[in-house]
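The sequence lines fix the lettering, A, B, ..., with proteins before strands; numbering per chain opens at 1.
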There are 2 protein chains.
Amino acid sequence: MSKKPTPSDRPVESLRLDNQLCFALYGAANRMTRLYRPMLDALGLTYPQYLAMLVLWEKSPQTVGALGDALDLDSSTLTPLLKRLEAGGLVERHRDPEDERRVIVGLSDKGRALRDQAEAVPEQMICALDTPMNELMALRERLKILAK
Amino acid sequence: MSKKPTPSDRPVESLRLDNQLCFALYGAANRMTRLYRPMLDALGLTYPQYLAMLVLWEKSPQTVGALGDALDLDSSTLTPLLKRLEAGGLVERHRDPEDERRVIVGLSDKGRALRDQAEAVPEQMICALDTPMNELMALRERLKILAK
DNA sequence: TGAAAAAAGATCGCGCGCGATGTAATCGAT
DNA sequence: ATCGATTACATCGCGCGCGATCTTTTTTCA
């Protein structure tokens with residue numbers, strides 16, 4: 001009765017397979033953050049802060065909620081992040097007089113000015129990734145499929 | 001000289017484009033973690049802990065360094081994570097007598113037993129993702145391209 | 001109109017990721 | 001054999017993500 005190939009002895013293919021997709025996504029996201037870091041350090045931004053600034057550079061006064069919808073993050077993540085951006089002088093936060101529950105976040109002059117420097121980032125990233133553009137775009141499209 | 005369309009007025013297409021890929025990756029990774037959470041809660045694991053267990057279920061005694069290579073994480077992340085797994089009774093950690101610098105991590109009986117429950121996770125995930133299998137595999141392959 | 005429900009943020013706690021640094025063990029070249 | 005370099009983990013600090021909970025304001029509707 002010894003040496004029977006119980007489930008505990010197999011590699012368990014289902015676990016290995018699943019492994020691949022979540023692994024790949026997890027690893028790719030971590031690596032992306034690491035790739036961005038040196039460039040963003042030069043701007044004084046973290047990766048999530050950069051993403052928030054991207055949203056604000058497209059449309060400047062926005063509520064915390066709207067930013068959260070765009071970034072798929074909730075206030076427990078955004079509020080501290082925005083406070084740090086405010087402490088760095090990049091954004092301004094104040095309650096909406098129309099509805100005191102809302103907080104409106106807008107770019108400061110410094111925040112707007114930072115965009116000029118940020119424009120160099122995408123090209124540097126594409127260069128650092130060293131992957132054909134069409135490959136990157138195909139990947140992006142497939143990732144959107146997961147975007148519940 | 002007013003109303004000249006300076007860079008500060010354009011949407012800045014390069015920023016928008018870049019936006020898409022890093023956004024997509026960032027969002028997909030976050031959503032994946034959220035999707036796994038309820039299933040992993042039932043196992044008493046976090047998502048990174050689950051990934052570490054996947055590696056250990058494939059090969060049990062391993063050094064911290066080998067786990068780090070597999071997960072692309074360093075000891076500053078892994079050591080605390082492994083200590084938590086140890087506190088939960090899922091793994092055992094001890095110095096390698098052959099080389100006292102190394103720490104060997106192995107599954108406990110409880111850790112090995114957990115694999116039986118974990119085997120249900122991949123199928124649940126595929127179901128929860130509600131995306132064709134070939135789509136998921138294509139995505140996985142493309143993500144590997146980014147794997148430095 | 002007045003009380004309950006809903007909405008919008010803020011706060012708290014925990015577990016990552018990771019850069020920077022520290023410590024102990026091993027290796028290497030003299 | 002010794003001493004400097006390297007290796008393998010550990011520790012620390014900070015900034016997320018997010019579930020849970022709280023506060024304040026607005027909305028709903030009986």
Side-chain angles (χ1 to χ4, degrees), chain A residues 22 25-42 44-53 62-69 71-88 90-91 93-105, chain B residues 22-23 25-38 40-42 44-53 62-69 71-88 90-91 93-105:
Chain A
C22 66
L25 198 46
Y26 173 79
N30 287 344
R31 281 190 298 275
M32 190 69 82
T33 303
R34 288 198 294 261
L35 261 184
Y36 269 100
R37 190 181 305 274
M39 305 173 215
L40 296 184
D41 278 351
L45 293 175
T46 65
Y47 184 64
Q49 285 168 9
Y50 170 69
L51 297 181
M53 291 300 285
Q62 287 201 54
T63 65
V64 171
L67 277 168
D69 288 344
L71 294 164
D72 196 11
L73 293 175
D74 76 13
S75 69
S76 58
T77 298
L78 273 179
T79 297
L81 184 154
L82 293 170
K83 282 186 174 178
R84 282 185 285 271
L85 288 178
E86 186 180 38
L90 298 176
V91 308
R93 290 170 350 111
H94 52 79
R95 291 274 164 188
D96 181 352
E98 303 285 299
D99 182 343
E100 290 283 346
R101 289 173 303 180
R102 286 200 272 264
V103 165
I104 294 182
V105 183
Chain B
C22 66
F23 245 38
L25 199 45
Y26 172 79
N30 286 345
R31 282 189 298 274
M32 191 68 84
T33 303
R34 288 198 294 261
L35 260 184
Y36 269 99
R37 191 182 304 275
L40 296 184
D41 278 351
L45 294 174
T46 65
Y47 184 63
Q49 286 168 8
Y50 170 68
L51 297 180
M53 291 300 285
Q62 288 199 54
T63 65
V64 171
L67 278 168
D69 288 344
L71 295 164
D72 195 11
L73 294 174
D74 76 14
S75 69
S76 59
T77 299
L78 272 178
T79 297
L81 184 153
L82 293 170
K83 282 186 175 179
R84 281 184 286 270
L85 288 178
E86 187 180 36
L90 298 176
V91 307
R93 290 171 350 113
H94 52 79
R95 291 274 164 187
D96 182 351
E98 303 284 301
D99 183 343
E100 290 283 346
R101 289 173 304 179
R102 287 201 272 263
V103 166
I104 294 182
V105 183

| Reckon B/T33 touches a base, only the sugar-phosphate, or nothing at all at heavy-atom distances under 4.0 Å? | nothing
| query | What does A/L78 touch in the nucleic acid at a heavy-atom separation under 4.0 angstrom: a base, only the sugar-phosphate, or nothing? | reply | nothing
If you check every side-chain atom of [X], which of [options] has the closest atom?
X      : options                : result
A/T46  : D/dC16, D/dT27, C/dA10 : D/dC16
B/S75  : D/dC9, C/dC16, C/dC18  : D/dC9
B/T79  : D/dG15, C/dC18, D/dA10 : D/dA10
B/P48  : D/dT25, D/dA10, C/dG17 : C/dG17
A/R34  : D/dG19, C/dG19, C/dC16 : C/dG19
A/V103 : D/dT25, D/dA10, C/dA10 : C/dA10
B/R102 : D/dA8, C/dG19, D/dC16  : D/dA8
B/R101 : C/dC18, C/dT26, D/dT26 : C/dT26

Does [X] put a side-chain nitrogen or oxygen below 4.0 Å from OP1 or OP2 of [N]?
X     : N      : result
B/Q49 : C/dG15 : no
B/Y47 : D/dG17 : no
B/R95 : C/dT26 : no
B/Y26 : D/dC16 : no
B/K83 : D/dA10 : no

For the pair made of [atom1] in [X] and [atom2] in [N], what is the distance, rounded to whole Å?
X     : N      : atom1 : atom2 : answer
A/N30 : D/dC16 : CG    : P     : 15 Å
A/L40 : C/dG19 : CG    : P     : 13 Å
B/D74 : D/dT11 : CG    : P     : 14 Å
A/L73 : D/dG15 : CG    : C1'   : 13 Å
A/R93 : C/dA8  : CZ    : P     : 17 Å
A/M53 : D/dG15 : CE    : P     : 16 Å
A/L81 : C/dG9  : CG    : C1'   : 15 Å
B/D99 : C/dT23 : CG    : P     : 20 Å

| Parallel, tilted or perpendicular: rings of A/Y47 and B/Y26 (30°, 60°) | perpendicular
| message | To the closest 0.5 Å, what do you measure between CZ (B/R102) and OG1 (B/T63)? | response | 6.5 Å
| message | Could you check whether any side-chain N or O of B/R95 sits under 3.5 Å from a backbone N or O of B/I104, counting only pairs where one atom can act as donor and the other as acceptor? | response | no
Which atom of [X] lies closest to which atom of [Y], heavy atoms considered:
X     : Y     : result
B/L67 : B/Q62 : N-OE1, 4.0 Å
B/C22 : A/L51 : SG-CD2, 3.6 Å
B/A52 : B/L81 : CB-CD2, 4.0 Å

| Relative to the 5' end of DNA chain D, which residue comes earlier, A/P97 or B/R37, by the nucleotide with the nearest heavy atom? | B/R37
| task | Assign each of B/V64 and A/D96 to its nearest nucleotide of DNA chain D by heavy atoms, then name whichever residue's nucleotide is nearer the 5' end. | result | B/V64
| A/T77 or B/D72, whichever maps to the more 5' nucleotide of DNA chain C | A/T77
| task | Establish whether the base of C/dG9 is bridged to the side chain of A/S76 by a donor-acceptor pair shorter than 3.5 Å. | result | no
| query | Under a 4.5 Å cut-off applied to non-hydrogen side-chain atoms, are A/M53 and A/V91 in contact? | reply | yes
